A.B. asks: 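Take a look at this one; I'll ask things after.
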Amino acid sequence: MSVYSASVTAPVNIATLKYWGKRDKELNLPTNSSISVTLSQKDLRTLTTASASSTFKQDELYLNGKLESLESARTQACLGDLRKLRSELESQDDKLEKLSQFKLRIVSENNFPTAAGLASSAAGFAALVYAIAKLYELPQDMSELSKIARKGSGSACRSLFGGFVAWEMGDLENGQDSKAVEVAPVEHWPTLKAAILVVSDDKKDTPSTSGMQATVKTSDLFQHRIKEVVPQRFDEMKQSILNKDFNKFGELTMRDSNSFHAVCLDSYPPIFYLNDTSKKIIKLIHKLNETEGEIIAAYTFDAGPNAVIYYDEANEAKVLGLIHTYFNQVDGWSKADTSKLSKLEIEGTDPEIYKGVSRIILTEIGQGPQITTESLQI
Ligand SMILES: Nc1ncnc2c1ncn2[C@@H]1O[C@H](COP(=O)(O)OP(=O)(O)OP(=O)(O)O)[C@@H](O)[C@H]1O
Ligand SMILES: C[C@@](O)(CCOP(=O)(O)OP(=O)(O)O)CC(=O)O
């Protein structure tokens, strides 16, 4: 009996204007639009093979070699939408194999730690949806598929595009206008780089889903954020990207990270994602920018203490120079030419700051999901 298969890779994305808050939990509809940068799959990616066969007895997901449950309502929503689109195709063309009626086997691997605050759910759901869409030969474009990935995990919708991506919140109740769109492709600003400082911490304080529910319910500041702050920032950030204006882009990115963590703190009881190391990194970046007299590096933090520092390649010697000065003892420098980096010391910085960081990932802006000939078998 034939086994039909498709394999794809999908990237991680890190928001520069944060999604935080749902107006509909089942459909994963957000309370504000968001913007992200897609990171290179050379460093962080999910590889997923989706197969269908009449011989398979049940739907199965193997994640990093282990059988995982596919029972969650979110995964079921993704599988249900994809099967429906395939069965529509099958009803229009008798010659098509009835793949929509076959069970699915999904085998997936992340080349970076899963559930460690490195947006594995975003890459994971984007890869799952794109792999099944390819297996089913669906004609839908990436924005259409992003509405399905969104139901798996909100931020996953943005991983269907490379470069700079916006998730337009939409206002329809059925979510049909809540989708990801490209703001600009990688080629528009290929020199944008990211250094991820993985801050040693075991587990997340509060998972994103429950954290944002608590913020929506209890924070007064949150109303101000979604009504007064984000709509204007969304337009300004898009413009700063189109103008390749790092000074503006960096300022908006840092302000939005701070605004997101402020509404977390304003939740009741408060939610803390930043730790002491995160705060020291924030200070270090502000002092670097102050010394330079312009913004050459911008931090952002998701629902955890890891720092993502964006910068333009033109300032690599300084930005990576500073990070190398303080974190040279940490793993992750093998791909950098450290002889080209400037030694940069900032007065008042804790010389033991490196002890709070377990690993550095040096990466850059990257492409969206790709079809691949690599394939995973169980
Ligand atoms: N390759 C994958 N395929 C399918 N699902 C995945 C994949 N990788 C991760 N997931 C799902 O995402 C979950 C991890 O999501 P979680 O939000 O806890 O972590 P994260 O995305 O790494 O962190 P954060 O959202 O804070 O950046 C996994 O338990 C799994 O259900
Ligand atoms: C802080 C964030 O990273 C929150 C991401 O939240 P998720 O997309 O993980 O949440 P769910 O939709 O509940 O799965 C900001 C962002 O990526 O925009």
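Atoms within a ligand are numbered from 1 in the order they appear, just like the ligands themselves. Source: prediction; values computed, not measured. What you see below is based on every heavy atom in this structure, not just the backbone, and it leaves out hydrogens, waters and symmetry mates.
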A.B. asks: Looking at Asp43 and Lys335, is there a salt bridge between them, counting it only when a charged N and a carboxylate O are closer than 4.0 Å?
C.D. replies: yes
A.B. asks: Nearest non-hydrogen contact with atom 3 (N) of ligand 1 belongs to which option: Ser108, Ser153, Ala15?
C.D. replies: Ser108
A.B. asks: Under 4.0 Å from a heavy atom of Thr46: give me the atoms of ligand 1 that qualify, with their elements.
C.D. replies: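 Near Thr46, meaning under 4.0 Å from one of its heavy atoms, ligand 1 has 1 (N).
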A.B. asks: Should Trp167 be listed as contacting ligand 2, given a heavy-atom distance under 4.0 Å as the test?
C.D. replies: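 The answer is no, since Trp167 has no heavy atom less than 4.0 Å from ligand 2.
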A.B. asks: How far apart are the C-alpha atoms of Phe272 and His261, what are their side-chain angles, what is the distance that settles it, and do they pass the ring-ring contact (aromatic ring centres under 6.0 Å, His included) test?
C.D. replies: CA-CA 8 Å; Phe272 306 104; His261 289 280; over 10 Å; no
A.B. asks: When you look for heavy atoms under 4.0 Å from ligand 2, do you find them on the side chain of Ser208, its backbone, both, or neither?
C.D. replies: side chain
A.B. asks: With respect to Thr48, determine whether any N or O atom, backbone or side chain, lies less than 3.5 Å from an N or O atom of ligand 1.
C.D. replies: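 In this structure, Thr48 places no N or O atom under 3.5 Å from an N or O of ligand 1.
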A.B. asks: Parallel, tilted or perpendicular: which fits the ring planes of Phe102 and Tyr4, with parallel below 30° and perpendicular above 60°?
C.D. replies: tilted
A.B. asks: Can you tell me which residue pairs pass the side-chain hydrogen bond (donor to acceptor under 3.5 Å, both in side chains) test with a partner in residues 320-332, sequence neighbours excluded?
C.D. replies: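 Matches after skipping sequence neighbours: none remain.
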A.B. asks: Could you tell me, atom by atom, which parts of ligand 2 come under 4.0 Å of a heavy atom of Ser155?
C.D. replies: 7 (P), 8 (O), 9 (O), 17 (O)
A.B. asks: With the threshold set at under 4.0 angstrom, would you say Arg150 reaches ligand 2 through any of its heavy atoms?
C.D. replies: no
A.B. asks: Any N or O on Asp302 sitting closer than 3.5 Å to an N or O of ligand 1?
C.D. replies: no
A.B. asks: Which pairs, with at least one residue in residues 79-93 and sequence neighbours excluded, count as a salt bridge (Lys or Arg N to Asp or Glu O under 4.0 Å)?
C.D. replies: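 Passing the test, one end in residues 79-93: Asp59-Arg83, Asp81-Lys151, Lys84-Glu88, Arg86-Glu90.
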A.B. asks: Taking only heavy atoms of Ala15, which atoms of ligand 2 are found under 4.0 Å from at least one of them?
C.D. replies: 16 (C), 17 (O), 18 (O)
A.B. asks: Considering both backbone and side-chain atoms of Glu109, is one of its nitrogen or oxygen atoms within less than 3.5 Å of a nitrogen or oxygen in ligand 1?
C.D. replies: no
